[in-house]
Amino acid sequence: MELLSTNVCFDGEHRRYRHTSATLQCAMEFAVFLPPAVLGTNGKPVPVLYWLSGLTCTDQNFMQKAGAQKLAARLGLAIVCPDTSPRGLNLPGEDDSYDFGSGAGFYVNATEQPWAPHYRMYDYVVKELPQLVESELPLSGERAVSGHSMGGHGALICALKNPGFYKSVSAFAPIANPMACPWGQKAFTGYLGSDQGRWEEWDATRLIPGAEERLPLLIDQGTADEFLEQQLNPEALADACEKHQHHINLRMHRGYDHSYFFIASFIDDHLNHHARALGLVA
C-alpha cells in the first residue's frame, strides 16, 4: 500500500492508496476514511463500510460528494472505497463506452477474453481488498457493504453470495435485476458470454430465492431517477423478496434523481443502518 495523499477530515483522516493487485493484474487506487477513534496512541480498531460506486466513478466520487465523513467520524466507522474497474490495460474496447470496460467492472468475475485475466472485481472487493486493508489498517474485521447504481448491484450480490461476511447491506438506486436491463445485458454478455444461465449468479433478484442468509435490505430510490424505468427495476427485487420472505425496506423518494445530491440527502440513514448492525449504536 503506497500512500498517495491524506487529508484531515472531522478529526479523522481521508487517505488515498495505490497497490499492485494480484487479482486484477494491474495497479489499483482506493480511498479510506479512518475515524478519529482509530488515531492516536489510544486508538482501537473499528468496523468498516465498503462502498461500491457506480458507472464512470472512481474512489473519489463518494468521498468528495456523499458527505458521509461527519457521521462516520462520530460513529467510529471506517469507510473503504475501491475503484470501479481496472484501469489503463489497453484492452481492445475498454474505453469505447461509459457502460462497459473502464469504470464499468460490474463487480463480476469475467470469463470471456480479453476481460477474464483482469476484470475480476468481485474477487477484488470481496477477497483481495479486505484482506489487504484489514491487515494493514486498524480495522476490526466487522464489515458492512453499500453502493450506488452499478455499485448497489455489487453490494447486493456481495452480501447475498457471502453469508456471514458482512453484518449489513444497503444500496442507493441499485441495478437490481441486471439480467433484465440494457446495462446489465451488455455487461454480462461482454464479461460472461451469451449463456444467460451463467448470469443468474450475478443478479440480486435471481439470488434472493436461494439466499442462505437474509440480511435486511435497505434500498433508497428516487422517483425522478432518469434510469429508474429502463435500468434499475427495484420492483423486481421487492417482488422476489416478498415471495421468499426476505426483509426489504424499499423507500421511494419523490422528486429525487440518480445523482450524489440524492445520496447525500439520505447517507446518514444508511450509516445508522450499518452502525446498528455493527453494534456501534443501540
Side-chain angles (χ1 to χ4, degrees), residues 1-5 15-32 50-65 79-137 145 147-158 161-162 174-175 178-179 181-196 198-199 201-203 227 231:
M1 289 171 52
E2 173 193 358
L3 182 64
L4 300 177
S5 64
R15 301 177 182 177
R16 296 193 72 240
Y17 289 97
R18 179 188 295 123
H19 77 115
T20 299
S21 167
T23 300
L24 308 179
Q25 299 181 30
C26 67
M28 292 292 288
E29 296 180 357
F30 62 92
V32 180
Y50 289 92
W51 173 269
L52 307 182
S53 293
L55 289 167
T56 77
C57 291
T58 68
D59 62 281
Q60 299 183 67
N61 298 74
F62 178 84
M63 289 298 195
Q64 294 181 10
K65 297 180 178 180
I79 303 172
V80 171
C81 295
D83 203 346
T84 53
S85 78
R87 302 278 178 175
L89 296 170
N90 296 317
L91 299 178
E94 71 177 353
D95 297 319
D96 287 355
S97 59
Y98 79 96
D99 55 357
F100 186 80
S102 295
F106 263 84
Y107 305 101
V108 301
N109 287 339
T111 57
E112 299 298 298
Q113 297 300 329
W115 314 101
H118 303 283
Y119 275 65
R120 303 184 61 81
M121 287 299 296
Y122 173 79
D123 277 354
Y124 179 72
V125 300
V126 172
K127 298 177 181 178
E128 184 178 18
L129 186 62
Q131 290 171 3
L132 176 67
V133 297
E134 292 171 18
S135 65
E136 297 291 334
L137 297 173
V145 64
H148 171 231
S149 194
M150 178 186 72
H153 142 76
L156 292 171
I157 64 169
C158 286
K161 290 164 68 69
N162 293 278
I175 304 172
M179 291 181 64
C181 77
W183 277 344
Q185 291 164 356
K186 178 178 179 178
F188 285 6
T189 300
Y191 295 137
L192 304 172
S194 58
D195 180 2
Q196 295 192 15
R198 295 161 59 188
W199 297 4
E201 65 174 302
W202 306 106
D203 186 311
F227 304 113
Q231 303 284 10

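Any value given below was found using the heavy atoms of this structure, including those in side chains, with hydrogens, waters and symmetry copies removed. Starting from 1, each residue takes its place in the sequence as its number.
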Tyr122 side chain to Gly154 backbone, donor-acceptor under 3.5 Å: no

Contact summary for Leu129 and Pro82, nearest pair of heavy atoms: CD2-CB, 3.6 Å

Side chain to side chain contact (heavy atoms under 4.5 Å, CB included) assessment of Val133 paired with Tyr50: CA-CA 11 Å; Val133 297; Tyr50 289 92; 3.4 Å; yes

Intermediate values then yes/no, ring pair (Phe, Tyr, Trp, His ring centres under 6.0 Å), Phe106 and Phe100: CA-CA 8 Å; Phe106 263 84; Phe100 186 80; 8.4 Å; no

Heavy-atom closest pair, residues Gly147 and Ala155: N-CB, 3.9 Å

Flag side-chain contact, heavy atom, 4.5 Å: Ser53 against His148: no

Check: Trp202 and Tyr107 side chains under 4.5 Å, non-hydrogen atoms: no

Heavy-atom side-chain proximity of Glu136 to Tyr17 below 4.5 angstrom: no

Interatomic distance, Glu2 atom CD to Arg18 atom CZ [nearest 0.5 angstrom]: 5.0 Å

Side chain to side chain, His19 and Glu128, heavy atoms closer than 4.5 Å: yes

Sub-4.5 Å side-chain heavy-atom contact between Ile79 and Met63: yes

Non-hydrogen atoms of Gly54 and Ser149 that approach each other most closely: CA-CB, 4.5 Å

Spacing of CG belonging to Leu52 relative to NE2 belonging to His153, to within rounding of 0.5 Å: 9.5 Å

For Ser85 against Ala104, the heavy-atom pair lying closest together: CB-N, 3.9 Å

Interatomic distance, Leu137 atom CG to Met1 atom CE [nearest 0.5 angstrom]: 4.0 Å

With Asp123 via side-chain hydrogen bond (donor to acceptor under 3.5 Å, both in side chains) - residues at least two apart: Asn109, Arg120

Rounded distance [0.5 Å steps], CD in Gln231 versus SG in Cys181: 4.5 Å

Plane angle bin for Trp199 and Phe188 - parallel if under 30°, tilted between 30 and 60°, otherwise perpendicular: perpendicular

Distance-only donor-acceptor check, side chains Tyr124 and Asp83, under 3.5 Å: no

Main-chain N/O of Met179 paired to Gln185 side chain as donor or acceptor, under 3.5 Å: yes

Check: Leu132 and Phe30 side chains under 4.5 Å, non-hydrogen atoms: yes

Point-to-point distance, once rounded to the nearest 0.5 Å, from OG of Ser194 to CD of Glu112: 7.5 Å

Side chain Glu29, main chain Asp59, donor-acceptor under 3.5 Å: no

Minimum side-chain heavy-atom gap Pro86-Tyr119 below 4.5 Å: yes

By side-chain hydrogen bond (donor to acceptor under 3.5 Å, both in side chains) - contacts of Gln60 (at least two apart): Gln64

Step-by-step side chain to side chain contact (heavy atoms under 4.5 Å, CB included) determination, Lys127 to Thr23: CA-CA 9 Å; Lys127 298 177 181 178; Thr23 300; over 6 Å; no

Closest non-hydrogen atom pair between Arg87 and Cys26, with its separation: N-SG, 4.4 Å

Smallest separation among heavy atoms of Cys81 and Phe62, with atom names: SG-CD2, 3.6 Å

Backbone N/O of Lys186 and side chain of Thr189: donor-acceptor pair under 3.5 Å: no

Point-to-point distance, once rounded to the nearest 0.5 Å, from CD of Glu201 to CG of Asp203: 11.0 Å

Side chain proximity check, Thr111 to Arg198, heavy atoms < 4.5 angstrom: yes

